[in-house]
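Heads up: the structure comes next, in structure tokens.
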Amino acid sequence: LARQNMLVGCDVVKTCATGGGGTVSSSATGGITINSTVNDVLNSANPLYFLQSNGVASQTGGVVSVVGTLNMNADGSNWANNSAAPPAFVGMRVYGSGYLQLNGVMAVNGPSGTSSALVINSPINLVGAAGTLWSSGGTNSDVYLSNITSTSNAGGTLNVTAGGNLVFYANSQVNSSAGPLNLYFNTTGGTSKGIDLTAGNIAINANGGNILFSTDKISLTGTNNSIASVGGTFTLNSYLRTSTICLGNNTGCTMNLPSSYFAGATALFQPNFRMITFGGPDQTGNIIVNNYVNNATYIPTTDVLTITSPI
């Protein structure tokens, strides 16, 4: 019943879900609200799409509001693993000219080896204290994001976990309209999957909040990219704990951060973080600074390297 309402373009309050999955699209300019726990089964023939408008630039789409838990479970026996066309397979997608208002959980879960990407083309408004985006099941379970804004006066926390890559579209802006925004970005797919900002013109500003990249691959170089949080913290650690991190002009590590990331007006990391931390208490991979690798001199694996602002 809820899906029928979506297809004809009505405002929807979805409080139940039918079994077996289904392709859902809406060309309405009204909103779609998910305000309870929803569980359903997806497969490659039946993804879940929220399309708030017909894509015409002059029209304003409605708002997709998630204030509960939208938990879609991939059917492994029918799942298409199309790793040649990233995102490998779109399990759930929000697309249109409206906003995704997030005050809950959106998750695509799949058995090991499946591809179940979560793609958010629409801008996200984090309207409550916390929101979670999750795509799991295999190393092709990507998460794609665009603009993100915390609209609460008290700030908020956004947790994003991808079994594959966590990718930002070009020109994405991540910020808070008032309080600090805590951002916890995690990728679990090993050293071949990671956090990708290469599309360029991506600005992440946590407004005094804390930023965590827990991953084993970073692709951060892109035109006019920036990461900032005046008075906040940035942490990069290895999700596997075993990956190496190079700081300076070395390129021999699992994750490499050249000196250009930290210096100059166009530096990736902007000034006035309270603290920047690489590694952590569970890090077993070496952290290598500048050309120390040539002298076989390493920071002991039991140490945490901390760089404090200004940088």
Side-chain angles (χ1 to χ4, degrees), residues 144-148 160 162 165-175 181 183-187 190-240 242-280 283 285-299 301 303-311:
Y144 279 68
L145 300 172
S146 56
N147 294 341
I148 301 170
V160 184
N165 292 307
L166 196 165
V167 182
F168 279 90
Y169 287 109
N171 306 309
S172 294
Q173 306 292 302
V174 180
N175 54 51
L181 172 60
L183 297 166
Y184 302 127
F185 295 155
N186 310 280
T187 67
T191 58
S192 65
K193 305 290 181 175
I195 296 173
D196 187 343
L197 309 183
T198 56
N201 294 303
I202 297 165
I204 299 174
N205 189 338
N207 196 36
N210 302 320
I211 303 171
L212 168 68
F213 285 7
S214 185
T215 184
D216 292 280
K217 181 182 179 182
I218 51 173
S219 302
L220 307 181
T221 301
T223 303
N224 297 324
N225 286 349
S226 63
I227 299 174
S229 186
V230 174
T233 68
F234 175 84
T235 300
L236 171 68
N237 64 34
S238 164
Y239 179 83
L240 297 176
T242 56
S243 293
T244 55
I245 301 173
C246 277
L247 305 176
N249 294 322
N250 297 318
T251 59
C253 288
T254 314
M255 295 184 283
N256 303 291
L257 295 95
S259 56
S260 60
Y261 280 6
F262 303 95
T266 60
L268 174 67
F269 294 100
Q270 295 295 294
N272 298 317
F273 278 96
R274 177 170 55 85
M275 184 177 294
I276 296 180
T277 301
F278 298 98
Q283 175 93 16
N286 290 317
I287 300 175
I288 304 168
V289 181
N290 204 11
N291 62 351
Y292 286 3
V293 66
N294 298 327
N295 300 321
T297 303
Y298 298 88
I299 295 174
T301 57
D303 287 355
V304 175
L305 173 64
T306 301
I307 302 176
T308 58
S309 181
I311 56 175

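Scope of the values below: all heavy atoms of this structure, side chains included, with no hydrogens, waters or symmetry mates. If you read the sequence from its start, that first residue is 1, and numbering goes on from there. Keep in mind the model is a prediction, meaning the values are calculated, not measured.
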Next on the checklist: Does Y261 form a side chain to side chain contact (heavy atoms under 4.5 Å, CB included) with L247? I'd like the steps, not just the answer.
Outcome noted: CA-CA 10 Å; Y261 280 6; L247 305 176; over 6 Å; no
Checklist entry - Checking side chain to side chain contact (heavy atoms under 4.5 Å, CB included) for the pair F168/I148: CA distance, chi angles, key distance, verdict? => result CA-CA 10 Å; F168 279 90; I148 301 170; 4.0 Å; yes
Next on the checklist: Set out, in order, the CA-CA distance, both residues' side-chain angles and the distance that settles side chain to side chain contact (heavy atoms under 4.5 Å, CB included) for L181 and N207, then state yes or no.
Outcome noted: CA-CA 6 Å; L181 172 60; N207 196 36; 5.5 Å; no
Item to check | Test side chain to side chain contact (heavy atoms under 4.5 Å, CB included) applied to F213 and I227, step by step | outcome: CA-CA 11 Å; F213 285 7; I227 299 174; 4.1 Å; yes
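Rounding to the nearest 0.5 angstrom, the gap separating the SG atom in C253 from the CD1 atom in I287 is 9.5 Å. The distance from atom CG of L257 to atom OG1 of T251, rounded to the nearest 0.5 Å, is 12.5 Å. To the nearest 0.5 Å, atoms CG (L197) and CG (N225) are separated by 5.5 Å. In this structure, T187 OG1 and I218 CD1 are separated by 10.5 Å, a value rounded to the nearest 0.5 Å. The CG atom of L236 sits 10.5 Å away from the CD1 atom of I276 when rounded to the nearest 0.5 Å. Between the OG1 atom of T277 and the CG atom of N237 there is a distance of 9.5 Å, given to the nearest 0.5 Å.
Inspection of the T191 and D216 side chains reveals no N or O donor paired with an N or O acceptor under 3.5 Å. Using modelled atom types and a 3.5 Å distance limit, the side chains of T254 and T244 yield a donor-acceptor pair. Between the side chains of N201 and N224, a donor-acceptor pair is found at a separation under 3.5 Å.
Between L183 and V174, the shortest heavy-atom distance links the atoms CD1-CG1, 3.8 Å. Counting all heavy atoms, side chain and backbone alike, S229 lies closest to A206 at OG-CB, 3.5 Å. Annotation for K217 and M255: closest pair N-SD, 3.8 Å, computed over non-hydrogen atoms. Taking all atoms of both residues into account, the shortest heavy-atom contact from I245 to Q283 is CD1-NE2, 4.2 Å. Between T233 and F273, the shortest heavy-atom distance links the atoms C-CD2, 3.8 Å. Residues Q270 and A228 share a closest heavy-atom pair of CB-CB, 3.8 Å.
Taking the side chain to side chain contact (heavy atoms under 4.5 Å, CB included) definition, one finds that V160 meets it with L133, V143, L145, L158, L166, F185, sequence neighbours left out.
Formation of a donor-acceptor pair under 3.5 Å by the D196 side chain with backbone atoms of T198 is found in this model. N147 contributes a side-chain N or O that, together with a main-chain N or O of Q173, makes up a donor-acceptor pair within less than 3.5 Å.
Taking the six-membered ring for Trp and thresholds of 30 and 60 degrees, Y144 and Y169 have ring planes inclined between 30 and 60 degrees apart.
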